[in-house]
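Naming: A, B, ... by sequence-line order, numbering from 1 per chain. We use all heavy atoms of the structure for the numbers below, so side chains are in, but hydrogens, waters and symmetry mates are not.
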2 protein chains.
Amino acid sequence: MSRADLSSSACTVARAVAAVGDEWTLLILREMFLGSRRFDDFLRQTGMSSHLLSQRLKKLVALGVVRRSVYSDRPLRHEYILTEMGKDLWPIIVAMKQWGDRWLLDGVPPVQIVHKSCECVTHPQMTCSECGEPMQARDARARLTRGFSAVRGGTADRA
Amino acid sequence: MSRADLSSSACTVARAVAAVGDEWTLLILREMFLGSRRFDDFLRQTGMSSHLLSQRLKKLVALGVVRRSVYSDRPLRHEYILTEMGKDLWPIIVAMKQWGDRWLLDGVPPVQIVHKSCECVTHPQMTCSECGEPMQARDARARLTRGFSAVRGGTADRA
DNA sequence: TGATGTAGCTTCAATTTCGGAAGCAAGTCA
DNA sequence: TGACTTGCTTCCGAAATTGAAGCTACATCA
């Protein structure tokens, strides 16, 4: 299977991966959440090639994650802004930051997240929508729909 | 800059991306959280080539995300198990699933997450560690350390 | 009136990575 | 004995990526 086929997978993780799960796209998103909007800012801050950046931005626009918007008429200039769909990717980037901060860093994280409403430096965590308790892998069990289970062939559920 | 250089970035998101932010690695992790442990299960469920799977597993073991463990002596057989570091990646995969369920799917998500302690089907969400409120992109502000801000060159913080 | 600069790309050649198929080693099973 | 299984490795053509250079439309400076 090639990567292009992932987007038609039944699994929504696979679809999300196909959409935004590559190295450079994730870095572009990080930049957007830090406030960058312009082609050259993305170039500078990510270090990627302009060719790839151009491709990735087009893909993100096509997906509806990012919107291309005019900020100057003369000369004509555009910037890239996250849509609702794009802003909703925040937990993914934050989850990566938290993991990176914890496991790949000695010392002080380069970025802190401040919760606007309580003004605290926060360490966002996954919690159960029903009982509100923090959740980790060990607290969860996956339940597959019958159809999805059939697609997977019944193997590999010895969790 | 090439992708290999990301792991030495000051930004911990970039480091996390370098470690686990590629398509196939994310799918392997998804499989692990669904309970797969064996080479052939990963092959079957992800559809990737064995060449790549082999490479990725080695990388994950080298990083300490996954542990290679003997489950049969004769014949000698191994399985791949998430370490603590690996289990801690759960929020990333869950965040991707939530986003995929919401934005890339019509209908019923193929996998539900059950919170063991309350037995509810849950939709894990990011919450503030300090006040416990659910958080989204709009509720957060990034605060950069002085050093990191200097590295970035001061540009692009018009958020 | 040029000369230089900037934002936002596109094009191109060289290199790297990937995909798919085949092979292989060490066993088991019949 | 011969087929099958698991868990890989090797190989090669195809596709993606990198880095540099170029290009367009304007602005600004002299």
Side-chain angles (χ1 to χ4, degrees), chain A residues 1-9 14 17-28 31-32 36-62 66-81 153 155-156 158, chain B residues 1-7 9 14 17-18 20-28 31-32 36-62 66-81 153 155-156 158:
Chain A
M1 195 194 325
S2 77
R3 285 182 280 181
D5 303 325
L6 288 178
S7 56
S8 54
S9 164
V17 163
V20 300
D22 74 288
E23 280 98 329
W24 296 121
T25 299
L26 291 167
L27 287 187
I28 293 169
E31 273 313 300
M32 290 189 161
S36 293
R37 293 179 182 180
R38 300 196 186 159
F39 196 92
D40 275 21
D41 289 335
F42 298 131
L43 268 194
R44 253 193 301 281
Q45 300 298 341
T46 65
M48 69 200 292
S49 74
S50 52
H51 180 47
L52 256 203
L53 175 57
S54 177
Q55 277 188 197
R56 292 293 191 267
L57 286 173
K58 273 178 195 158
K59 182 176 168 189
L60 289 173
V61 170
V66 165
R67 183 165 53 83
R68 191 161 180 266
S69 140
V70 172
Y71 73 86
S72 155
D73 276 321
R74 335 210 59 238
L76 186 58
R77 295 274 186 267
H78 300 274
E79 57 187 359
Y80 296 88
I81 299 182
T155 25
R158 51 182 145 263
Chain B
M1 197 197 319
S2 77
R3 284 182 282 180
D5 303 325
L6 287 178
S7 55
S9 163
V17 163
V20 301
D22 75 287
E23 280 97 330
W24 296 122
T25 299
L26 290 167
L27 286 187
I28 293 170
E31 273 313 301
M32 289 188 161
S36 293
R37 294 179 183 179
R38 300 196 187 159
F39 196 92
D40 275 21
D41 290 335
F42 297 132
L43 269 193
R44 252 193 303 279
Q45 300 299 341
T46 65
M48 68 199 294
S49 74
S50 52
H51 179 46
L52 259 201
L53 174 57
S54 177
Q55 278 188 198
R56 292 295 190 266
L57 287 173
K58 273 178 195 158
K59 182 176 167 188
L60 289 173
V61 170
V66 165
R67 182 165 53 83
R68 192 162 180 265
S69 141
V70 172
Y71 73 86
S72 155
D73 275 321
R74 335 209 61 240
L76 186 58
R77 295 274 186 268
H78 300 274
E79 57 187 359
Y80 296 88
I81 300 181
T155 27
R158 53 182 143 261

From CA spacing to verdict: side chain to side chain contact (heavy atoms under 4.5 Å, CB included), Leu60(A), Val20(A): CA-CA 8 Å; Leu60(A) 289 173; Val20(A) 300; 4.3 Å; yes
Kindly indicate whether a cation-pi arrangement holds for Arg37(A) with Phe42(A), taking the cut-offs as under 6.0 Å to the six-membered ring centre and within 45° of the axis.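 The answer is no, since Arg37(A) fails at least one limit relative to Phe42(A).
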Below the 4.0 Å mark, does dC18(C) have OP1 or OP2 next to a side-chain nitrogen or oxygen of Trp24(B)?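 False: Trp24(B) side-chain N/O out of range (4.0 Å or more) of dC18(C) OP1/OP2.
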Could you tell me how far apart [X] ([atom1]) and [N] ([atom2]) are, to the nearest whole angstrom?
{"X": "Ile28(B)", "N": "dG7(D)", "atom1": "CD1", "atom2": "P", "result": "14 Å"}
{"X": "Lys59(B)", "N": "dC8(D)", "atom1": "NZ", "atom2": "P", "result": "18 Å"}
{"X": "Asp5(A)", "N": "dC18(C)", "atom1": "CG", "atom2": "P", "result": "16 Å"}
{"X": "Leu53(B)", "N": "dG7(D)", "atom1": "CG", "atom2": "P", "result": "11 Å"}
{"X": "Arg56(B)", "N": "dT9(D)", "atom1": "CZ", "atom2": "P", "result": "14 Å"}
{"X": "Leu52(B)", "N": "dG7(D)", "atom1": "CG", "atom2": "C1'", "result": "16 Å"}

Output a table of nitrogen or oxygen pairs between the protein and nucleotides 27-29 of chain D separated by less than 3.5 Å.
none

Should the pair Arg44(B)-Asp41(B) be classified as a salt bridge under the 4.0 Å nitrogen-to-oxygen rule?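 Yes, Arg44(B) and Asp41(B) are salt-bridged.
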In B/S/- notation, 5' to 3', how is nucleotides 7-13 of chain C contacted by protein heavy atoms closer than 4.0 Å? SBBBB--
Compare every heavy atom of Leu26(A) with every heavy atom of Gly21(B), then report the nearest pair and how far apart it is.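 Answer, listing the atom of Gly21(B) first, then Leu26(A): O-CD1, 3.9 Å.
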Any residue meeting side-chain hydrogen bond (donor to acceptor under 3.5 Å, both in side chains) with Arg68(A), in chain and number order, not counting sequence neighbours: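 Arg68(A) satisfies side-chain hydrogen bond (donor to acceptor under 3.5 Å, both in side chains) with Tyr80(A) only.
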Holding to side chain to side chain contact (heavy atoms under 4.5 Å, CB included), I want the full list of residues that pass it with [X], two or more places apart in sequence or in another chain.
{"X": "Ser49(A)", "result": "His51(A), Leu52(A)"}
{"X": "Ser8(A)", "result": "none"}
{"X": "Ser7(A)", "result": "Ala18(A)"}

